[in-house]
Amino acid sequence: MTAHGTPRNHDHAHRWPEISFQDRMDTVRFDVHERAHIVVDGSKCEGCSTQHCVVACPANLFVPTSDGGIVFNYEQCFECGTCYLVCNVEGAITWTYPDGGHGVVFRRT
Amino acid sequence: MTAVPSTAPAVVAVCLKWTPSPFDGGPLGPDEGDDRFAGVSPADRAALELALQLSDAIGASVTAIAAGPSAADRVLRDAVAAGATRAVRLDMAAGSDSRDVAFELAQVVADACVVLCGDYSLDRGSGAVPAFVAHHRRCAQALGLVSVDVTASASSVAGAPDGELTIHAVRRLDGGRREVLAVPTPCVLSVEGSVASLRRAPLRRALAARSAPVEVIATPPAHHHGAPAIVTPYRPRARTMPAPAGEDVLGRLRALTDAGTSGGRGETVELAPREAAARIVDTLRGWGYLD
Amino acid sequence: MDDRSLTTTDCDVVVVGAGPAGTCAAIVLARAGLDVVLLERGPFPGSKNMYGGVVYPRILDELIPSWWEEAPVQRWVTRRSTMVLTPDQALTVDFRSQRWGAPPYNGATAYRPDFDHWLAAHAEAAGAQLVCSTTVTGLLRDAGGRVVGVRTDRPDGDLRTRLVIACDGVNSFLAKEAGLYPPVDAANYTLGVKETLALPKDVIDERFGVRGREGVDIEILGGTGGVNGGGFVYTNLDTVAVGAVLKLPKLAAQRRRPEEIIAGLKSHPAIAPLVEGAEVKEYSAHLIPEAGLSMMPRLAGDGMLVAGDAAAMCLAAGIWLEGVNFAMASGMYAGRAAVEALRAGDLSTAGLAGYERRLSSTFVLRDHRKLRRAPSLVLSDRVQHVYPELITSVVERMFRVDNPAPKPGLRRIVRDETKRLGVRTRDLVRDGIDGLRSFG
């Protein structure tokens, strides 16, 4: 409530704790394989000004580096395909499915 | 100890602890017949891989055994797909008493020269089954192995006068130390998950294994077969602690936590096995680990 | 080089993907006595699948009579709401029908790892050979380009077959490899993200005004933080799913993270009271082939059919949001066409034409053709960013009592508000006609 006694939108937002991104990802089960099923060629990312993958990846796996490149973690990947679709640098993302039986395992989706 | 007659084909047995789904799926959650989230631990998978490698090296067949309801057949068929030659299921409820499971297992693995187990299950039980099986078989045991040298083990057969197999392995000890073992067979081994990673089953074998026969052995109701005393998780008994002595807060804290004192209440004694065992039990009892 | 007469096949049909499309194809084929291998890359069917929450299973009447007695349904949707949101307003059209809470039902909420797993058990019971944990990495083709099998990532993993049915999902690398897809455009796809939130069943019943197995499906226009798309809230037995569907190029361009958009939805005054205090049980994401008919690949090639999401069989037409039913139906018709083609011994594109013929004569392609303009209209900038505010501000002025000022009259309000928001009458009329055409 504000000083004037009127409810404000953002009061609702704080009625429950917003979880950290890592806690959010920890709700998902992943059977990680040692082979990286998605490979990002960081050298191709250096000239990329948009870096759409960094924003769009729902698992937040693309991390921009200070030298303009991209570091990618494949372990907590939903295998959705967003990254290669929004990428506009030919050959920067090599995308395959993880080896059979590995990767994300949904339970309540 | 009973040696395997050299005329019989050698058998390596692997015991797979099937654990029902730990996942709470809500009101419609998985029941016992649901095999989606049920399965075996990485340590059990490592044990299976090691059994397959060992059997390849010494020309043995592999018997895979699980205890559980029919939902456990899947892990056995997966084992057959990976290369096991025989699949046996002890028909018992999941979570049966370790002593009953071990007694039944011991009957099935009676002809095995090596019995492999994972050193932990998905539900993190007491890890007592391998030791109980060894007890029933009256054979050697080596638990919590971090590596098994398959080549050296297989070549031990040629060097031994009576063609006996000896398993060469390394066991983890406290304090980062390792113990290098030569285990006579028959024996029961339990291995950590890191000793081997299970091979992918070839597609055609995976297809054929879908209808692979699983021998089902009916088991009598629970009756704790002549088992050794139950080992319970460590629950220290309450005891009166004197107030820590010390000049200042730091000193009292040190006295309370043993910090800074020379490490280890342990002692090294050399005794015959029977006396050594008695001494260990006495010491554990003194520390409050045993009732 | 390839001598087909000497090539033995391992089975009659390989179905790739044990989702609703592949499983229904396998059920039909196995029941026809054919030798079917159903390959699934996840550890069990459904483990890779996530969706917007409601399945309409009536098509299963043809395959599993009385499916409702055994399907792992969370709740039967008896309340459907369509909500238009601006940051501090909400207009809801709420419909309830108790008839949807009794056989043969209408929509149902269900978890896909449950539903797909249950459905696949029927394929196995019919005799299909389901092999999980097996990723198909490519097609086997003869010198003439005809598909003659698949390569999997297992050792000794090639499987030669007479027909491949690709039900390998929205990314369908098999349909792309076979050259059946037009060039891929990110604008044809939306990203679905959702949170499954835990709440006690009685709290859900109370907040959503339902009892027993009754459930609610809320579809939302607006509230997605400037990213074209939509939101949804629906009830499971003891969880509530909240999520958003986001147009990919817009999501990237707006620089809003998907989880922030969900957080924005959850904090909206119209949604917050429904979900507050709930703990996140699972976060998930999946792509949706949003553009419908305009992105569909060719549905058959020599030795190959495509069904389900792999063939973009997903209807994202604003007020109708369906996919699993289209997947099940396309799989079922692919199976029937395959049986026919195998019996006739002609597995060429022409021999498999029975598939498209069946889709064209049933809801699968008829709905898509009828609603072909709807996806682009619903995701257009005016529908997404202007009309929600126009509608809510018109309603707000209608219900606002501005005494002593007299009521302005509806025509005046509409004129004022369209002018204030810079909506040209020409566009409004054209979109109105488009809407009538799209949905009529």
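Heavy atoms only: backbone and side chains are in, while hydrogens, waters and symmetry mates are out. So you know, we letter chains A, B, ... as the sequences are listed, proteins then strands, and number each from 1. Only a predicted model underlies this, so the values are computations on that prediction, with no experimental measurement involved.
Across C:Leu39, C:Asp158, C:Leu130, the residue that shares the most heavy-atom pairs under 4.5 angstrom with chain B is C:Leu130. Of the listed residues (C:Asp153, C:Thr239, C:Leu159), the one with the most heavy-atom contacts under 4.5 Å to chain B is C:Asp153.
Summarising the geometry of B:Leu203 relative to C:Gly157, their closest heavy-atom pair is CD2-O, 3.4 Å, with the distance given to 0.1 Å. Pairing each heavy atom of C:Pro155 with each of B:Ala201, the nearest pair is CD-O, 3.7 Å. The minimum heavy-atom distance linking C:Arg154 with B:Pro202 is given by the pair CD-C, 4.2 Å.
Contacts between B:Arg74 and chain C at a heavy-atom distance below 4.5 Å involve the side chain alone, from C-beta outward. Of the two parts of C:Pro45, neither the backbone nor the side chain holds a non-hydrogen atom closer than 4.5 Å to a non-hydrogen atom of chain B. Both the backbone and the side chain of C:Thr134 come within contact range of chain B, with heavy atoms under 4.5 Å apart. Proximity to chain C (any heavy atom under 4.5 Å) is shown, for B:Ala81, by neither the backbone nor the side chain. C:Asp10 touches chain B through its side chain: at least one heavy atom from C-beta onward sits under 4.5 Å away, while N, CA, C and O do not.
Atom CD of B:Gln107 has more than 12 heavy atoms from other residues, nucleotides or ligands within 6.0 Å. Residue C:Arg151 places its CZ atom among 12 or fewer non-hydrogen atoms of other residues, nucleotides or ligands, all under 6.0 Å distant.
Salt bridge present: C:Asp114 and B:Arg36 bring a charged side-chain N and a carboxylate O closer than 4.0 Å.
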